[in-house]
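Note that the coordinates shown come from a computational prediction; the quantities given were computed from them, not determined experimentally. Both backbone and side-chain heavy atoms feed into the values below; hydrogens, waters and symmetry mates do not. Order of listing sets the numbers, starting from 1, for every ligand and every atom in it.
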Amino acid sequence: MQNPTIILSEAQIAFFQREGYLAIPAITTPEEVERLIGIYDHLFAIKAGREEGNQYDLAGTDEDDKEAAVPQIVHPSKYAQELANILYWVNARAIAAQLLGPQVEMQSDHAIMKPPGSGAPTPWHQDEAYWRPDLEHSALTIWMPLQEATLENGCMQFIPGSHTLEVLPHHSIGHDPRVHGLEVDTVEAAHAVACPLPAGGATIHHCRTLHYTGPNRTDKPRRAYILNFAAPTKKREVARDFYWQAMRQTARDERRRKAGIVSTSGGRLREESK
Ligand code: NI
């Protein structure tokens, strides 16, 4: 295992705690980013994980004969073991430990791609809205683009300070229960901050920070490789009602049932975090 090459400064830690997000210009080497692009594109090309519901359309209806609006792979490292324990993971874990404490553990990795010239927006949401309502979550997400991320191709945007809010009511994107992705019911986005990044840079956001990415208006894919980290969860005294989770009926869940991975459409696993 490699040693981390990044340590956040006190000022960066304070910024994250105050604003609920942080952007850093580099979380790994350009060489690693180059190598990841080939692995990443291959996994989408072979539809890795599709059968068991680990590759699906985050923003569309996910029909087999339809091009995905925003294709996503959950746990891409299950399908390409050379992703595991790369420098990006090592640095991300070190950052997560600085921000959430030494007991932090990586929960999942995700690849979210916005195809050239299309790619719907990923509407405003809080990641915790996807997770189990009966647990107390202390978690964050690290988002790394494999090419420059800009306003034109869908860089991350955040609402500063929104991590101090409770989990707000959400609904399926476009109020279509066939869509996996969630969207917050109401948002005041006038003070949103966009975070353009170079390839191999990263944003870090808390699990309640409202965030958004725009469509990809360029002629190249917008690739993001995302890691989730969490401190151990605790049972909440009073479970919340995340009714929007039970309202979804997605083709992805149907595939998961067929593959014997989930038996009900009720409380979702933390790992399905985007
Ligand atoms: Ni998210």
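- With respect to the Ni ion (ligand 1), His211 has NE2 as its nearest N, O or S atom.
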Name each donor-acceptor pair under 3.5 Å that joins a side chain in residues 92-104 to protein atoms two or more places apart or in another chain, with its distance.
from	atom 1	to	atom 2	distance (Å)
Gln98	OE1	Leu8	N	2.7
Gln98	NE2	Leu8	O	3.1

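- Using modelled atom types, one finds no donor on one side chain facing an acceptor on the other under 3.5 Å when comparing Thr203 with His205.
- Residue Asp127 approaches the Ni ion (ligand 1) most closely through its N/O/S atom OD1.
- Residue His125: an N/O/S atom is found under 2.8 Å from the Ni ion (ligand 1).
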I'd like a table of donor-acceptor pairs (distance under 3.5 Å, sequence neighbours excluded) in which one partner is a side-chain atom from residues 21-30, with atom names and distances.
from	atom 1	to	atom 2	distance (Å)
Thr28	OG1	Glu32	OE2	2.7
Thr29	OG1	Glu32	N	3.1

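- Each of Arg240, Lys235, Lys234 was scored for a salt bridge (Lys or Arg N to Asp or Glu O under 4.0 Å) with Asp134, with one residue passing: Lys235.
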